[in-house]
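Okay, structure first, notes after.
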2 protein chains.
Amino acid sequence: MSITENKNSPRIRRTPEESRANILSAAEDLLVEQGPQSLRLADVAKRAGVANATVLHHFGSIDAVQQALMERMIADLVENILSVEIPADAPLEVRTAGLKTLFDAFETRGAARLAAWLELTDETSRLTVVREVVQEVAQKKMGNAGVPADVAEDIILLSVTLAVGVGLFGPTLGRLIGKPPERARELTLQMLMANLERLSSDR
Amino acid sequence: MSITENKNSPRIRRTPEESRANILSAAEDLLVEQGPQSLRLADVAKRAGVANATVLHHFGSIDAVQQALMERMIADLVENILSVEIPADAPLEVRTAGLKTLFDAFETRGAARLAAWLELTDETSRLTVVREVVQEVAQKKMGNAGVPADVAEDIILLSVTLAVGVGLFGPTLGRLIGKPPERARELTLQMLMANLERLSSDR
DNA sequence: GGGGTTACTGACAAAAATGTCAATAACGGA
DNA sequence: TCCGTTATTGACATTTTTGTCAGTAACCCC
(Lines give C-alpha, C1' and ligand atoms only; values in the text may rest on other atoms or scores of the structure.)
Protein backbone atom coordinates (compact mmCIF):
# COMPACT_ATOMS: atom_id res chain seq x y z
CA MET A 1 0.00 0.00 0.00
CA SER A 2 2.63 2.52 0.90
CA ILE A 3 5.01 3.43 -1.84
CA THR A 4 7.93 3.27 0.48
CA GLU A 5 7.88 1.17 3.62
CA ASN A 6 5.50 -1.23 5.27
CA LYS A 7 5.60 -1.78 8.98
CA ASN A 8 8.09 -3.98 10.79
CA SER A 9 10.80 -2.96 8.38
CA PRO A 10 13.89 -1.80 10.21
CA ARG A 11 14.03 1.82 11.17
CA ILE A 12 15.61 4.21 8.77
CA ARG A 13 18.01 6.49 10.54
CA ARG A 14 18.90 9.55 8.54
CA THR A 15 21.10 12.50 9.26
CA PRO A 16 19.07 15.44 10.52
CA GLU A 17 19.58 17.25 7.22
CA GLU A 18 18.42 14.27 5.20
CA SER A 19 15.44 13.79 7.41
CA ARG A 20 14.42 17.41 7.19
CA ALA A 21 14.82 17.31 3.43
CA ASN A 22 12.75 14.14 3.22
CA ILE A 23 9.94 15.69 5.22
CA LEU A 24 10.00 18.95 3.29
CA SER A 25 9.87 17.09 0.00
CA ALA A 26 6.83 15.20 1.17
CA ALA A 27 5.21 18.44 2.23
CA GLU A 28 6.04 20.03 -1.10
CA ASP A 29 4.41 17.17 -2.96
CA LEU A 30 1.29 17.57 -0.88
CA LEU A 31 1.24 21.30 -1.43
CA VAL A 32 1.46 21.00 -5.19
CA GLU A 33 -0.93 18.07 -5.47
CA GLN A 34 -3.58 18.98 -2.94
CA GLY A 35 -3.03 22.52 -1.76
CA PRO A 36 -1.93 24.11 1.51
CA GLN A 37 -4.84 22.81 3.57
CA SER A 38 -3.37 19.34 3.15
CA LEU A 39 -0.24 20.27 5.03
CA ARG A 40 -1.40 18.55 8.21
CA LEU A 41 1.00 16.90 10.59
CA ALA A 42 -0.37 13.40 10.07
CA ASP A 43 -0.53 13.77 6.28
CA VAL A 44 2.97 15.10 5.93
CA ALA A 45 4.36 12.42 8.22
CA LYS A 46 2.55 9.67 6.39
CA ARG A 47 3.73 10.93 3.02
CA ALA A 48 7.29 11.14 4.29
CA GLY A 49 7.04 7.63 5.71
CA VAL A 50 7.81 8.63 9.28
CA ALA A 51 5.92 8.98 12.54
CA ASN A 52 4.21 12.20 13.52
CA ALA A 53 6.63 12.60 16.38
CA THR A 54 9.55 12.48 13.99
CA VAL A 55 8.30 15.53 12.15
CA LEU A 56 7.98 17.38 15.43
CA HIS A 57 11.39 16.21 16.54
CA HIS A 58 12.98 17.92 13.57
CA PHE A 59 10.80 20.99 13.21
CA GLY A 60 9.09 21.53 16.55
CA SER A 61 5.68 22.29 15.10
CA ILE A 62 3.68 21.90 11.94
CA ASP A 63 3.82 25.65 11.48
CA ALA A 64 7.58 25.50 11.43
CA VAL A 65 7.36 22.84 8.72
CA GLN A 66 5.28 25.15 6.58
CA GLN A 67 7.61 28.05 7.09
CA ALA A 68 10.66 25.95 6.33
CA LEU A 69 8.94 24.75 3.18
CA MET A 70 8.30 28.30 2.09
CA GLU A 71 11.93 29.17 2.62
CA ARG A 72 13.17 26.14 0.76
CA MET A 73 10.89 26.69 -2.20
CA ILE A 74 11.89 30.32 -2.41
CA ALA A 75 15.55 29.39 -2.28
CA ASP A 76 15.08 26.74 -4.96
CA LEU A 77 13.26 29.17 -7.19
CA VAL A 78 15.91 31.83 -6.80
CA GLU A 79 18.66 29.37 -7.52
CA ASN A 80 16.80 28.10 -10.55
CA ILE A 81 16.36 31.59 -11.95
CA LEU A 82 19.93 32.66 -11.28
CA SER A 83 21.31 29.50 -12.86
CA VAL A 84 20.41 30.75 -16.31
CA GLU A 85 23.60 31.79 -17.94
CA ILE A 86 23.24 34.39 -20.61
CA PRO A 87 25.95 35.31 -23.09
CA ALA A 88 26.15 38.99 -23.79
CA ASP A 89 25.33 38.72 -27.46
CA ALA A 90 22.12 37.81 -29.29
CA PRO A 91 19.89 40.08 -27.22
CA LEU A 92 16.64 38.60 -28.43
CA GLU A 93 17.57 34.98 -27.85
CA VAL A 94 18.89 36.01 -24.50
CA ARG A 95 15.60 37.25 -23.23
CA THR A 96 13.71 34.40 -24.78
CA ALA A 97 15.78 31.86 -22.89
CA GLY A 98 15.31 33.72 -19.64
CA LEU A 99 11.58 33.94 -20.13
CA LYS A 100 11.28 30.26 -20.93
CA THR A 101 13.04 29.34 -17.72
CA LEU A 102 10.92 31.76 -15.76
CA PHE A 103 7.62 30.52 -17.09
CA ASP A 104 8.67 26.94 -16.73
CA ALA A 105 9.58 27.47 -13.10
CA PHE A 106 6.25 29.03 -12.37
CA GLU A 107 4.09 26.66 -14.33
CA THR A 108 5.58 23.22 -13.82
CA ARG A 109 7.68 23.62 -10.71
CA GLY A 110 5.07 24.91 -8.35
CA ALA A 111 6.39 28.44 -8.06
CA ALA A 112 3.05 29.93 -9.04
CA ARG A 113 1.37 27.91 -6.34
CA LEU A 114 4.03 29.02 -3.92
CA ALA A 115 3.37 32.65 -4.79
CA ALA A 116 -0.37 32.16 -4.37
CA TRP A 117 0.17 30.39 -1.07
CA LEU A 118 2.41 33.15 0.26
CA GLU A 119 -0.01 35.80 -0.87
CA LEU A 120 -3.09 34.15 0.57
CA THR A 121 -1.42 33.47 3.90
CA ASP A 122 0.05 36.95 4.09
CA GLU A 123 3.57 35.62 4.28
CA THR A 124 5.03 37.80 1.57
CA SER A 125 7.47 39.26 4.07
CA ARG A 126 9.52 36.16 3.39
CA LEU A 127 10.20 37.46 -0.09
CA THR A 128 12.69 40.16 0.78
CA VAL A 129 15.40 38.21 -1.03
CA VAL A 130 13.48 38.81 -4.21
CA ARG A 131 14.51 42.43 -4.29
CA GLU A 132 18.19 41.57 -4.36
CA VAL A 133 17.70 38.88 -6.95
CA VAL A 134 15.78 41.20 -9.21
CA GLN A 135 18.43 43.87 -8.92
CA GLU A 136 21.17 41.38 -9.59
CA VAL A 137 19.46 40.04 -12.68
CA ALA A 138 18.61 43.52 -13.89
CA GLN A 139 22.20 44.69 -13.56
CA LYS A 140 24.41 41.73 -14.30
CA LYS A 141 22.41 39.84 -16.88
CA MET A 142 20.29 42.42 -18.57
CA GLY A 143 22.71 45.26 -18.05
CA ASN A 144 25.16 43.37 -20.22
CA ALA A 145 22.64 43.48 -23.01
CA GLY A 146 22.55 47.23 -22.75
CA VAL A 147 19.23 47.62 -20.97
CA PRO A 148 19.00 50.43 -18.39
CA ALA A 149 18.45 49.18 -14.85
CA ASP A 150 15.03 50.68 -14.21
CA VAL A 151 13.71 49.47 -17.55
CA ALA A 152 15.11 46.03 -16.81
CA GLU A 153 13.33 46.01 -13.48
CA ASP A 154 10.09 46.92 -15.19
CA ILE A 155 10.55 44.04 -17.59
CA ILE A 156 11.20 41.64 -14.74
CA LEU A 157 8.25 42.91 -12.75
CA LEU A 158 6.03 42.46 -15.76
CA SER A 159 7.39 39.05 -16.66
CA VAL A 160 7.18 37.56 -13.19
CA THR A 161 3.70 38.91 -12.56
CA LEU A 162 2.46 37.43 -15.80
CA ALA A 163 4.26 34.17 -15.11
CA VAL A 164 2.32 33.87 -11.88
CA GLY A 165 -0.97 34.32 -13.68
CA VAL A 166 -0.09 31.93 -16.46
CA GLY A 167 1.39 29.32 -14.16
CA LEU A 168 -1.43 29.43 -11.68
CA PHE A 169 -4.48 29.84 -13.82
CA GLY A 170 -3.53 29.49 -17.48
CA PRO A 171 -3.98 25.73 -17.86
CA THR A 172 -7.25 25.66 -15.94
CA LEU A 173 -8.78 28.57 -17.78
CA GLY A 174 -7.60 27.21 -21.11
CA ARG A 175 -9.25 23.87 -20.47
CA LEU A 176 -12.39 25.57 -19.24
CA ILE A 177 -12.96 27.32 -22.52
CA GLY A 178 -11.95 24.39 -24.65
CA LYS A 179 -8.43 25.40 -25.59
CA PRO A 180 -5.21 23.50 -24.99
CA PRO A 181 -3.79 24.17 -21.51
CA GLU A 182 -0.61 25.67 -22.89
CA ARG A 183 -2.47 28.22 -24.98
CA ALA A 184 -2.32 30.97 -22.37
CA ARG A 185 1.42 30.56 -22.04
CA GLU A 186 1.89 30.67 -25.79
CA LEU A 187 -0.11 33.84 -26.13
CA THR A 188 1.62 35.49 -23.21
CA LEU A 189 5.13 34.64 -24.29
CA GLN A 190 4.37 35.74 -27.81
CA MET A 191 3.11 39.07 -26.59
CA LEU A 192 5.94 39.57 -24.15
CA MET A 193 8.60 38.84 -26.70
CA ALA A 194 6.95 41.05 -29.27
CA ASN A 195 7.10 43.89 -26.78
CA LEU A 196 10.55 43.50 -25.31
CA GLU A 197 11.93 45.37 -28.27
CA ARG A 198 9.65 48.30 -27.63
CA LEU A 199 10.23 48.30 -23.87
CA SER A 200 13.99 47.91 -24.01
CA SER A 201 14.51 50.80 -26.39
CA ASP A 202 13.67 53.32 -23.71
CA ARG A 203 10.12 54.13 -24.83
CA MET B 1 -15.04 46.01 20.79
CA SER B 2 -17.20 44.39 18.19
CA ILE B 3 -18.18 46.57 15.29
CA THR B 4 -21.73 45.36 15.46
CA GLU B 5 -23.27 44.01 18.64
CA ASN B 6 -22.22 43.52 22.22
CA LYS B 7 -23.83 40.87 24.36
CA ASN B 8 -27.19 41.18 26.01
CA SER B 9 -28.55 43.13 23.10
CA PRO B 10 -31.82 41.69 21.85
CA ARG B 11 -31.59 38.94 19.28
CA ILE B 12 -31.54 39.94 15.66
CA ARG B 13 -33.91 37.79 13.71
CA ARG B 14 -33.26 37.87 9.99
CA THR B 15 -34.89 36.17 7.06
CA PRO B 16 -32.96 33.06 6.04
CA GLU B 17 -31.73 34.84 2.92
CA GLU B 18 -30.52 37.84 4.86
CA SER B 19 -28.85 35.64 7.41
CA ARG B 20 -27.07 33.60 4.78
CA ALA B 21 -25.95 36.76 3.02
CA ASN B 22 -24.69 38.22 6.28
CA ILE B 23 -22.66 35.13 7.02
CA LEU B 24 -21.24 34.88 3.52
CA SER B 25 -20.21 38.52 3.59
CA ALA B 26 -18.38 37.95 6.83
CA ALA B 27 -16.66 34.95 5.31
CA GLU B 28 -15.74 36.92 2.23
CA ASP B 29 -14.15 39.63 4.34
CA LEU B 30 -12.11 37.04 6.18
CA LEU B 31 -11.05 35.39 2.94
CA VAL B 32 -9.80 38.63 1.44
CA GLU B 33 -8.20 39.93 4.60
CA GLN B 34 -6.65 36.81 6.04
CA GLY B 35 -6.84 34.02 3.52
CA PRO B 36 -8.76 30.76 3.25
CA GLN B 37 -7.29 29.18 6.37
CA SER B 38 -9.17 31.77 8.40
CA LEU B 39 -12.51 30.46 7.25
CA ARG B 40 -13.10 28.60 10.50
CA LEU B 41 -16.52 28.14 11.96
CA ALA B 42 -15.85 30.19 15.08
CA ASP B 43 -14.15 32.97 13.15
CA VAL B 44 -16.84 33.29 10.54
CA ALA B 45 -19.56 33.26 13.18
CA LYS B 46 -17.79 35.86 15.28
CA ARG B 47 -17.25 38.13 12.30
CA ALA B 48 -20.90 37.78 11.31
CA GLY B 49 -21.97 38.54 14.85
CA VAL B 50 -23.86 35.29 15.36
CA ALA B 51 -23.39 32.07 17.28
CA ASN B 52 -21.59 29.11 15.77
CA ALA B 53 -24.80 27.15 15.80
CA THR B 54 -26.47 29.80 13.68
CA VAL B 55 -23.99 29.29 10.90
CA LEU B 56 -24.59 25.57 11.00
CA HIS B 57 -28.34 26.06 11.09
CA HIS B 58 -28.20 27.87 7.75
CA PHE B 59 -25.46 25.98 5.98
CA GLY B 60 -25.15 22.60 7.68
CA SER B 61 -21.37 22.60 7.80
CA ILE B 62 -18.41 24.90 7.50
CA ASP B 63 -17.55 23.21 4.21
CA ALA B 64 -20.92 24.19 2.84
CA VAL B 65 -20.21 27.77 3.85
CA GLN B 66 -17.01 27.75 1.86
CA GLN B 67 -18.68 26.26 -1.17
CA ALA B 68 -21.54 28.72 -1.01
CA LEU B 69 -19.02 31.52 -0.77
CA MET B 70 -17.23 30.27 -3.87
CA GLU B 71 -20.49 30.17 -5.76
CA ARG B 72 -21.51 33.63 -4.66
CA MET B 73 -18.18 35.17 -5.50
CA ILE B 74 -18.19 33.55 -8.91
CA ALA B 75 -21.71 34.79 -9.56
CA ASP B 76 -20.78 38.30 -8.45
CA LEU B 77 -17.76 38.30 -10.69
CA VAL B 78 -19.70 37.09 -13.69
CA GLU B 79 -22.40 39.67 -13.14
CA ASN B 80 -19.81 42.37 -12.76
CA ILE B 81 -18.11 41.42 -16.01
CA LEU B 82 -21.31 41.08 -17.97
CA SER B 83 -22.61 44.42 -16.72
CA VAL B 84 -20.16 46.27 -18.90
CA GLU B 85 -22.13 47.69 -21.75
CA ILE B 86 -20.17 48.25 -24.87
CA PRO B 87 -21.40 50.31 -27.82
CA ALA B 88 -20.53 48.81 -31.16
CA ASP B 89 -18.37 51.71 -32.30
CA ALA B 90 -14.98 52.96 -31.13
CA PRO B 91 -13.33 49.54 -31.09
CA LEU B 92 -10.28 50.65 -29.19
CA GLU B 93 -12.09 52.44 -26.39
CA VAL B 94 -14.38 49.48 -26.19
CA ARG B 95 -11.72 47.02 -25.32
CA THR B 96 -10.01 49.44 -23.02
CA ALA B 97 -13.15 49.84 -20.95
CA GLY B 98 -13.64 46.09 -20.76
CA LEU B 99 -10.07 45.52 -19.70
CA LYS B 100 -10.27 48.17 -17.01
CA THR B 101 -13.34 46.52 -15.52
CA LEU B 102 -11.71 43.13 -15.72
CA PHE B 103 -8.49 44.16 -14.02
CA ASP B 104 -10.35 46.12 -11.40
CA ALA B 105 -12.50 43.13 -10.54
CA PHE B 106 -9.47 40.94 -10.15
CA GLU B 107 -7.29 43.37 -8.28
CA THR B 108 -9.57 45.20 -5.88
CA ARG B 109 -12.58 42.98 -5.63
CA GLY B 110 -10.93 39.78 -4.57
CA ALA B 111 -11.45 37.87 -7.78
CA ALA B 112 -7.76 37.07 -8.07
CA ARG B 113 -7.80 35.67 -4.57
CA LEU B 114 -10.88 33.71 -5.44
CA ALA B 115 -9.15 32.22 -8.45
CA ALA B 116 -6.11 31.33 -6.39
CA TRP B 117 -8.28 29.80 -3.71
CA LEU B 118 -10.19 27.69 -6.21
CA GLU B 119 -6.99 26.58 -7.86
CA LEU B 120 -5.19 25.69 -4.65
CA THR B 121 -8.15 23.76 -3.30
CA ASP B 122 -8.76 21.97 -6.56
CA GLU B 123 -12.29 23.35 -6.82
CA THR B 124 -12.03 24.63 -10.36
CA SER B 125 -14.87 22.36 -11.39
CA ARG B 126 -17.12 25.09 -10.03
CA LEU B 127 -16.05 27.30 -12.88
CA THR B 128 -18.03 25.65 -15.66
CA VAL B 129 -20.13 28.79 -15.98
CA VAL B 130 -17.05 30.56 -17.13
CA ARG B 131 -17.14 28.81 -20.46
CA GLU B 132 -20.58 30.17 -21.27
CA VAL B 133 -19.69 33.63 -20.10
CA VAL B 134 -16.58 33.69 -22.21
CA GLN B 135 -18.49 32.55 -25.26
CA GLU B 136 -21.18 35.10 -24.65
CA VAL B 137 -18.73 37.94 -24.32
CA ALA B 138 -16.75 36.73 -27.30
CA GLN B 139 -19.82 36.62 -29.50
CA LYS B 140 -22.12 39.39 -28.36
CA LYS B 141 -19.71 42.03 -27.20
CA MET B 142 -16.60 41.45 -29.20
CA GLY B 143 -18.35 39.99 -32.19
CA ASN B 144 -20.09 43.33 -32.63
CA ALA B 145 -16.71 44.92 -32.97
CA GLY B 146 -15.91 42.57 -35.84
CA VAL B 147 -13.58 40.22 -34.01
CA PRO B 148 -13.79 36.54 -35.01
CA ALA B 149 -14.99 34.29 -32.21
CA ASP B 150 -11.87 32.18 -31.74
CA VAL B 151 -9.61 35.22 -31.76
CA ALA B 152 -11.92 36.89 -29.27
CA GLU B 153 -11.66 33.85 -27.02
CA ASP B 154 -7.89 33.98 -27.23
CA ILE B 155 -7.97 37.60 -26.20
CA ILE B 156 -10.20 36.83 -23.26
CA LEU B 157 -8.08 33.88 -22.20
CA LEU B 158 -5.02 36.05 -22.31
CA SER B 159 -6.62 38.99 -20.54
CA VAL B 160 -8.13 37.00 -17.71
CA THR B 161 -4.98 34.98 -17.11
CA LEU B 162 -2.92 38.12 -16.90
CA ALA B 163 -5.51 39.80 -14.71
CA VAL B 164 -5.13 36.96 -12.22
CA GLY B 165 -1.38 37.42 -12.10
CA VAL B 166 -1.58 41.17 -11.79
CA GLY B 167 -4.39 41.12 -9.25
CA LEU B 168 -2.82 38.48 -7.09
CA PHE B 169 0.82 39.29 -7.16
CA GLY B 170 1.35 42.61 -8.92
CA PRO B 171 1.07 44.93 -5.92
CA THR B 172 3.19 42.73 -3.69
CA LEU B 173 5.94 42.22 -6.23
CA GLY B 174 5.92 45.89 -7.14
CA ARG B 175 6.39 46.91 -3.53
CA LEU B 176 9.08 44.28 -3.06
CA ILE B 177 11.29 45.80 -5.71
CA GLY B 178 10.59 49.36 -4.73
CA LYS B 179 8.04 50.33 -7.37
CA PRO B 180 4.52 51.61 -6.89
CA PRO B 181 2.02 48.77 -6.40
CA GLU B 182 0.06 49.72 -9.50
CA ARG B 183 3.12 49.55 -11.73
CA ALA B 184 2.54 45.95 -12.80
CA ARG B 185 -1.02 46.72 -13.82
CA GLU B 186 0.08 49.76 -15.79
CA LEU B 187 2.70 47.81 -17.68
CA THR B 188 0.37 44.94 -18.36
CA LEU B 189 -2.53 47.04 -19.57
CA GLN B 190 -0.21 49.06 -21.74
CA MET B 191 1.17 45.95 -23.34
CA LEU B 192 -2.22 44.35 -23.77
CA MET B 193 -3.74 47.37 -25.41
CA ALA B 194 -0.77 47.81 -27.68
CA ASN B 195 -1.25 44.25 -28.84
CA LEU B 196 -5.00 44.06 -29.25
CA GLU B 197 -4.62 45.66 -32.62
CA ARG B 198 -2.23 43.00 -33.79
CA LEU B 199 -4.23 40.13 -32.29
CA SER B 200 -7.61 41.28 -33.56
CA SER B 201 -6.47 41.63 -37.13
CA ASP B 202 -6.24 37.89 -37.58
CA ARG B 203 -2.44 37.51 -37.28
C1' DG C 1 31.74 -5.56 21.04
C1' DG C 2 30.57 -2.18 24.48
C1' DG C 3 28.71 2.29 25.27
C1' DG C 4 27.13 6.87 24.31
C1' DT C 5 24.54 9.83 21.40
C1' DT C 6 20.36 10.79 19.26
C1' DA C 7 17.04 9.77 15.47
C1' DC C 8 12.97 7.47 15.79
C1' DT C 9 8.54 5.70 17.52
C1' DG C 10 3.91 4.32 19.84
C1' DA C 11 0.97 5.59 23.35
C1' DC C 12 -0.96 9.13 25.46
C1' DA C 13 -2.40 13.99 26.58
C1' DA C 14 -3.88 18.50 25.17
C1' DA C 15 -5.89 21.66 22.26
C1' DA C 16 -8.63 23.11 18.55
C1' DA C 17 -12.31 22.71 15.49
C1' DT C 18 -16.70 20.93 14.18
C1' DG C 19 -21.18 19.52 15.06
C1' DT C 20 -25.65 18.28 18.16
C1' DC C 21 -29.53 19.45 20.92
C1' DA C 22 -32.92 21.29 23.71
C1' DA C 23 -34.45 25.69 25.15
C1' DT C 24 -35.32 30.56 24.06
C1' DA C 25 -37.35 34.44 21.74
C1' DA C 26 -38.56 37.24 17.65
C1' DC C 27 -42.08 37.66 14.23
C1' DG C 28 -46.38 37.07 11.64
C1' DG C 29 -50.93 35.53 11.41
C1' DA C 30 -55.34 34.12 13.51
C1' DT D 1 -53.52 39.16 22.53
C1' DC D 2 -52.45 34.60 21.88
C1' DC D 3 -50.06 31.09 19.29
C1' DG D 4 -47.35 28.56 15.95
C1' DT D 5 -43.30 28.73 13.39
C1' DT D 6 -38.54 28.93 13.25
C1' DA D 7 -34.26 31.79 13.62
C1' DT D 8 -31.19 31.96 17.30
C1' DT D 9 -28.37 30.44 21.06
C1' DG D 10 -25.45 28.38 25.10
C1' DA D 11 -24.00 24.16 26.75
C1' DC D 12 -22.38 20.02 25.58
C1' DA D 13 -20.52 16.05 22.72
C1' DT D 14 -17.66 14.44 19.02
C1' DT D 15 -14.04 14.54 15.94
C1' DT D 16 -9.81 16.19 14.28
C1' DT D 17 -5.35 17.89 14.81
C1' DT D 18 -1.42 18.99 17.34
C1' DG D 19 1.93 18.21 20.73
C1' DT D 20 4.40 15.46 24.84
C1' DC D 21 7.09 11.82 26.73
C1' DA D 22 9.57 7.91 27.87
C1' DG D 23 11.37 4.01 25.75
C1' DT D 24 13.67 1.82 21.61
C1' DA D 25 17.19 1.15 18.22
C1' DA D 26 20.48 2.63 14.62
C1' DC D 27 25.06 4.51 14.06
C1' DC D 28 29.61 6.07 15.41
C1' DC D 29 33.60 5.95 18.17
C1' DC D 30 36.56 3.85 21.41
Side-chain angles (χ1 to χ4, degrees), chain A residues 1-27 29-31 34-70 117 120-121, chain B residues 1-27 30-31 34-70 117 120-121 123:
Chain A
M1 51 172 296
S2 169
I3 306 176
T4 52
E5 302 298 325
N6 49 17
K7 327 219 158 155
N8 293 64
S9 61
R11 281 191 191 174
I12 300 176
R13 187 191 176 99
R14 290 174 249 245
T15 67
E17 299 76 42
E18 283 173 345
S19 199
R20 287 174 59 96
N22 172 52
I23 291 166
L24 289 183
S25 296
D29 289 346
L30 284 179
L31 174 71
Q34 308 183 27
Q37 80 290 352
S38 303
L39 293 181
R40 285 178 283 263
L41 177 59
D43 293 353
V44 171
K46 186 177 178 184
R47 180 73 169 237
V50 300
N52 295 11
T54 303
V55 175
L56 296 173
H57 171 70
H58 287 290
F59 290 93
S61 76
I62 188 62
D63 262 40
V65 172
Q66 298 182 1
Q67 296 181 0
L69 177 59
M70 290 178 180
W117 182 33
L120 289 182
T121 54
Chain B
M1 49 171 300
S2 169
I3 306 176
T4 54
E5 302 300 324
N6 49 15
K7 324 213 160 160
N8 291 66
S9 61
R11 283 191 190 174
I12 300 176
R13 187 191 176 97
R14 289 174 250 245
T15 67
E17 300 77 41
E18 284 173 344
S19 200
R20 287 174 59 95
N22 173 51
I23 291 165
L24 288 184
S25 296
L30 284 179
L31 173 72
Q34 307 183 29
Q37 80 290 352
S38 303
L39 293 180
R40 286 178 282 262
L41 177 58
D43 293 352
V44 172
K46 185 177 178 184
R47 181 72 168 236
V50 299
N52 295 13
T54 303
V55 175
L56 295 173
H57 171 71
H58 287 289
F59 290 93
S61 74
I62 188 63
D63 263 39
V65 173
Q66 297 182 2
Q67 296 180 1
L69 177 59
M70 290 177 179
W117 183 32
L120 288 182
T121 54
E123 292 280 346

Check your understanding: What is the nucleic acid contact for B:Leu56, judged by heavy atoms within less than 4.0 Å: base, sugar-phosphate only, or nothing?
Key -> base

Point to revise | A:Ser61, nearest nucleotide to its side chain (from D:dG19, C:dC8, D:dA7) | key: D:dG19

Check your understanding: Which whole-number value in Å describes the distance from A:Lys46 NZ to D:dT18 C1'?
Key -> 18 Å

Check your understanding: In whole Å, what is the span from the CG atom of B:Asn52 to the C1' atom of C:dA16?
Key -> 12 Å

Review point. Is the shortest heavy-atom distance from the side chain of A:Thr121 to the side chain of A:Met70 under 4.5 Å?
Key: yes

Revision key, fill the gap. For B:Asn22 and B:Ala48 the tightest heavy-atom approach is ND2-O, 3.2 Å

Show me the donor-acceptor pairs, under 3.5 Å and distance only, between side chains in residues 50-65 of chain A and residues at least two apart or in other chains.
unit_1: A:His58; atom_1: NE2; unit_2: A:Ser19; atom_2: OG; d: 3.1
unit_1: A:Ser61; atom_1: OG; unit_2: A:Asp63; atom_2: N; d: 3.4
unit_1: A:Ser61; atom_1: OG; unit_2: A:Ala64; atom_2: N; d: 3.1

Revision key, fill the gap. Heavy-atom closest pair (A:Asp29 atom, A:Arg47 atom, distance to 0.1 Å) is CB-NH2, 3.5 Å

Revision key, fill the gap. A:Ala27 and A:Leu39 have their tightest heavy-atom pair at O-CD2, 3.3 Å

Exercise for review: Could you list by number each residue of residues 14-21 of chain B showing a heavy-atom separation from DNA chain D of less than 4.0 Å, or answer none if no residue does?
Suggested key: B:Arg14, B:Pro16, B:Ser19

**Study point:** Rounded interatomic separation in angstrom, taking CD1 from A:Ile23 and P from D:dT18
**Key:** 14 Å

Exercise for review: Round to the nearest Å and state the distance from B:Leu41 atom CG to D:dC12 atom P.
Suggested key: 18 Å

Check your understanding: Could a donor-acceptor pair under 3.5 angstrom be found where the side chain of B:Arg13 meets the base of D:dT8?
Key -> no

Review point. Given C:dG19, is OP1 or OP2 found less than 4.0 Å from the side-chain N or O atoms of B:His57?
Key: no

Review point. How long is the gap from OG on A:Ser25 to CG on A:Leu69, to the nearest 0.5 Å?
Key: 9.0 Å

Exercise for review: Ignoring hydrogens and angles, tell me if any N or O in the side chain of B:Gln37 forms a donor-acceptor pair with the backbone of B:Gln34 under 3.5 Å.
Suggested key: yes

Exercise for review: May I have the distance from A:Gln37 (atom CD) to C:dA16 (atom P), rounded to whole angstrom?
Suggested key: 21 Å

Review point. Does a side-chain N or O from A:Thr54 land closer than 4.0 Å to OP1 or OP2 of C:dT9, or not?
Key: yes

Exercise for review: Could you say whether A:Ala42 or A:Ala53 is positioned toward the 5' end of DNA chain D, judged by the nucleotide with the nearest heavy atom to each?
Suggested key: A:Ala42

Check your understanding: How many Å lie between CZ on B:Arg40 and P on C:dA15, as a whole number?
Key -> 17 Å

**Study point:** hbond_proxy A:Arg11 side chain to D:dT24 base (donor-acceptor, 3.5 Å cutoff)
**Key:** yes

